[in-house]
Every structure is written in C-alpha cells, then in structure tokens.
Number of protein chains: 2
Amino acid sequence: MLDTVCVCAKLRHSARIVTSLYDEALAGSGFSVAQFSLLRMLQRAGPCSLTALGAATGHDRTTLNRTLKPLEAAGFVESIEGRDRRARVVQVTPAAREAMARTQPLWEAAQARMTDSLGGDKDRLFALLDRIEGLPA
Amino acid sequence: MLDTVCVCAKLRHSARIVTSLYDEALAGSGFSVAQFSLLRMLQRAGPCSLTALGAATGHDRTTLNRTLKPLEAAGFVESIEGRDRRARVVQVTPAAREAMARTQPLWEAAQARMTDSLGGDKDRLFALLDRIEGLPA
DNA sequence: CTCAAACACGTGTATTTACACGCAATGCTC
DNA sequence: GAGCATTGCGTGTAAATACACGTGTTTGAG
C-alpha cells in the first residue's frame, strides 16, 4: 500500500514549489512567472481573441481577462478590434518585447536549473505530463 | 530551439488539468481534492499544529488555516489545545473518517485513471518531481 | 524574576484560477 | 427582413495560495 500518494496533490505541490522558484528568479523583472509565460504565449500566438488564446494556453478566458488587465494597464498588452466587434483581440506591445528581452536571461537561468536537475529527463517528464493532460475530461 | 517550453508553465498547466479531473471524480462527496488530500495528510500526521502540518504538506500555515476553516465548521476537523497555548492543534474527527471512507473509492478511481495513463511510470514521474522539488530555494 | 527574543497564530491583502450569469454582436432559418 | 441560436465578452463570486503585519505566549539571558 505504498500507492497512497495522490498524483494530484503531488503535482500541485510541485507546481507551487516551481512557481516560487521561477518567481524568485524573475524578481526585479516586474513580472510574475504567470505573467511572463502568458506574454510569451501571446507573442507566439500573435494577435488573437481571448477565447483563442485560452484554447492555446489552456486557461479559462476569464482568467486571461484578469491576468491581462494589469499588463494592459502597464502598457505591455493592447487591445485592438477586428471585424467582429464581439471579439477583443489582444497583442503584445513593443514595450513588452523589450521588457521580455530583458527578462529572458532571468527566465533562462531558472529554466536551466530545472533542466540541470532533471539531468536530461526533461523530455521524459514532459511526455509523462502530456499523457495525463491528454486524459478525457 | 525546441527548449522554449517553460517547465513551470507546463507543471502549472498539468496541475490545473489534473485538479479538475480529481474534482470531477470527487463531485458528490462534498470534498474538493484539496480538502480531501489535506484531510488525508492530517489523518496520517495525527494531531499537530498548523505550522507542523504545513511543514509536512508543503503548504503555508495561513493557507491551512483558511482551508481548514470550512472543514472545521462542517465538523470534519476539531481544534484542541495542548500545553502550549500558542499552538492550535488540529485533528480529524470521526465524522471525517467516515466521510473519507465513503469518498475513498471516488479518489481511487481518479488515481487509477492517472496510474493507468502513466502505464507503470508513476514512480518515475514522482522521482522526477522529487528532483525539482528538492532544489534549494 | 524580568524583559526581550523567538515562536505560533489569525487577518488583511493580493494573485491565480474558474464557473455561473447576463449582455452585446453575429449568423442562420424561414 | 425578423427572430432565435450561437458566439464572445466582462463581472460577481468563490477556492487555493502565500506574504506582511500585528497580537498573544513561551523561553531564555541576565
């Protein structure tokens, strides 16, 4: 009966620990890891609606709305309107690109610590996480 | 440059997904997976202070205070006072043991889904998570 | 014994997250 | 073209989380 450790609790615990490690590494950048990661994903996705961004990142649309609000107030994200006046299309600003470039080394340091401690098994970890993420709801 | 996926974002994503899977499995029990896991850990730890419980579970003491509040109101946790009047010692109640026994099969079903999808690599996953959890702050 | 340091707690506040709900805009059916 | 279903959004609310701060309790130095 060593099978008593909850996979969910374990994952949540790891996520808390790793989040604090990244947040500490990013201290001074002005970004939390949640903000920085979201900006990265938005930059990658290009201008898109909140629903589309949520589908790409796995966040709820309303979570994005609230996460983006301070970033927009700080000038890192701007909303434009496309043809569909329902959709609010967001994109990163030049100021965000600059701030992200400055923050990138801090993120890379944290990422390197992870990669090092995983000793080449990062892809293996990701593959395992992909499997449980892929379970049908 | 395939190394661009943030380990932290990945872990947070997985934790969100898995949490919703467990919460769905536990629906009807009246417990969230956070509550159920915490009760399990408290039962294992035995009567202890919030600080000690936090050290055992990796939660902040204040998080435990707030998570335990509704559980105490529902009669699943009780606070007793030991010799040290600073410390609030908490323990699970018989009602909690009963409710947990009823909930156990639901949790096991969710856990089994995880274990199955990991195909025998659960211990490997845990070992990888242990490694990054063990990084110094 | 006294009093300051150390300890344990709870609350205020803030972040991250998502569900339920309602409103505005679009599209589709007839 | 009118009306209804669909889509996209924002807000209210709530859970989980932790940091800063203040209060009460214990301990230890003198």
Side-chain angles (χ1 to χ4, degrees), chain A residues 6 8-9 11-24 26-27 30-39 41 47-55 57-74 79-90 137, chain B residues 6 8-9 11-24 26-27 30-39 41 47-55 57-74 79-90 137:
Chain A
C6 180
C8 183
L11 269 176
R12 290 164 68 85
H13 186 220
S14 298
R16 288 199 304 275
I17 301 272
V18 172
T19 295
S20 76
L21 287 178
Y22 275 75
D23 276 339
E24 192 176 357
L26 298 188
F31 293 125
S32 66
V33 64
Q35 291 176 322
F36 186 66
S37 289
L38 181 57
L39 283 178
M41 293 190 276
C48 61
S49 72
L50 294 193
T51 298
L53 183 58
T57 69
H59 288 85
D60 188 87
R61 172 181 56 77
T62 64
T63 299
L64 297 182
N65 180 38
R66 294 199 157 104
T67 304
L68 289 175
K69 187 161 299 192
L71 292 174
E72 186 163 14
S79 301
I80 59 181
E81 38 182 310
R83 203 181 307 232
D84 192 330
R85 270 183 302 175
R86 287 173 300 186
R88 165 187 167 207
V89 174
V90 290
Chain B
C6 180
C8 182
L11 268 177
R12 288 163 69 86
H13 186 221
S14 297
R16 288 199 304 275
I17 302 271
V18 172
T19 295
S20 77
L21 288 177
Y22 275 76
D23 276 338
E24 192 175 357
L26 297 188
F31 292 125
S32 65
V33 64
Q35 293 176 322
F36 186 65
S37 290
L38 180 57
L39 283 178
M41 292 190 277
C48 61
S49 72
L50 294 193
T51 298
L53 184 58
T57 68
H59 289 85
D60 189 87
R61 172 181 55 77
T62 65
T63 300
L64 297 181
N65 181 39
R66 293 198 158 103
T67 304
L68 289 174
K69 188 161 296 190
L71 292 173
E72 186 162 15
S79 300
I80 59 182
E81 38 182 309
R83 203 182 308 232
D84 192 331
R85 268 184 303 177
R86 288 173 299 186
R88 167 187 166 207
V89 174
V90 290

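Protein chains get the first letters and strands the later ones, always in sequence-line order, with residue 1 at the start of each.
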Requested in this report: Would you classify Ser32(B) as touching base, sugar-phosphate or nothing, given that sugar-phosphate means primed atoms plus P, OP1 and OP2, and contacts are heavy atoms under 4.0 Å?
Outcome: sugar-phosphate
Query raised in the report: Are OP1 or OP2 of dT17(C) and a side-chain N or O of His59(A) less than 4.0 angstrom apart?
Result: yes
Query raised in the report: Among the nucleotides dC19(C), dA16(D), dG8(D), which one has an atom lying closest to any side-chain atom of Gln35(B)?
Result: dA16(D)
Report task. Please state whether the phosphate of dT16(C), meaning OP1 or OP2, lies under 4.0 angstrom from any side-chain nitrogen or oxygen of Thr63(A). Result -> no
Query raised in the report: If you pin Arg61(A) and Arg85(A) to their nearest nucleotides in DNA chain C, which one's is more 5'?
Result: Arg61(A)
Requested in this report: Specify the separation, in whole Å, of atom CZ of Arg86(B) and atom P of dT25(D).
Outcome: 10 Å
Report task. Figure out the CG/C1' separation between Leu53(B) and dA8(C), and round it to whole Å. Result -> 14 Å
Query raised in the report: Which nucleotide sits closest to the side chain of Thr62(B): dC9(C), dG8(D), dC19(D)?
Result: dC19(D)
Requested in this report: Have a look at Ser20(A) and say if it touches a base, only the backbone sugar-phosphate, or nothing, with a 4.0 Å heavy-atom cut-off.
Outcome: nothing
Report summary line: By nearest-heavy-atom nucleotide on DNA chain C, the more 5' of Gly58(A) and Asp84(B) is Asp84(B)
Query raised in the report: Just checking Arg66(B): base, sugar-phosphate only, or nothing, at a heavy-atom cut-off of under 4.0 Å?
Result: base
Report summary line: Judged by nearest nucleotide, the residue sitting upstream toward the 5' end of DNA chain D, Arg88(A) or Arg12(A), is Arg88(A)
Report summary line: Lys69(B) atom NZ is separated from dA14(D) atom P, nearest whole Å, by 16 Å
Requested in this report: Calculate the interatomic distance between Leu64(A) atom CG and dG10(D) atom C1'; express it in whole Å.
Outcome: 13 Å
Query raised in the report: Which whole-number value in Å describes the distance from Arg16(A) CZ to dA16(D) C1'?
Result: 9 Å
Report task. Would you check if the side chain of Asp23(A) reaches a backbone N or O of Ser32(A) as a donor-acceptor pair within less than 3.5 Å? Result -> no
Report summary line: Whole-Å distance, Asp60(B) CG to dC19(D) P, equals 6 Å
Query raised in the report: Side-chain contact, heavy-atom cut-off 4.5 Å: Val33(A) with Val18(A)?
Result: no
Query raised in the report: Do Arg16(B) and His13(B) touch side chain to side chain, with heavy atoms closer than 4.5 Å?
Result: yes
Report task. When you get a sec, tell me which of dG10(C), dA8(C), dA18(C) is the closest nucleotide to the side chain of Ser49(B)? Result -> dA8(C)
Report summary line: Here the distance between atom C1' of dA16(D) and atom CG of Leu11(A), to the nearest Å, is 16 Å
Query - N/O donor-acceptor pair under 3.5 Å between Ser20(B) side chain and Ile17(B) backbone - result: yes
Requested in this report: Nearest whole angstrom, please: distance from the P of dA8(C) to the CG of Asn65(B).
Outcome: 15 Å
Query - Note, Leu64(A) side chain near Val90(A) side chain (heavy atom, < 4.5 Å) - result: no
Query raised in the report: Picking from dA8(C), dG8(D), dT11(D), which would you name as closest to the side chain of Thr51(A)?
Result: dG8(D)
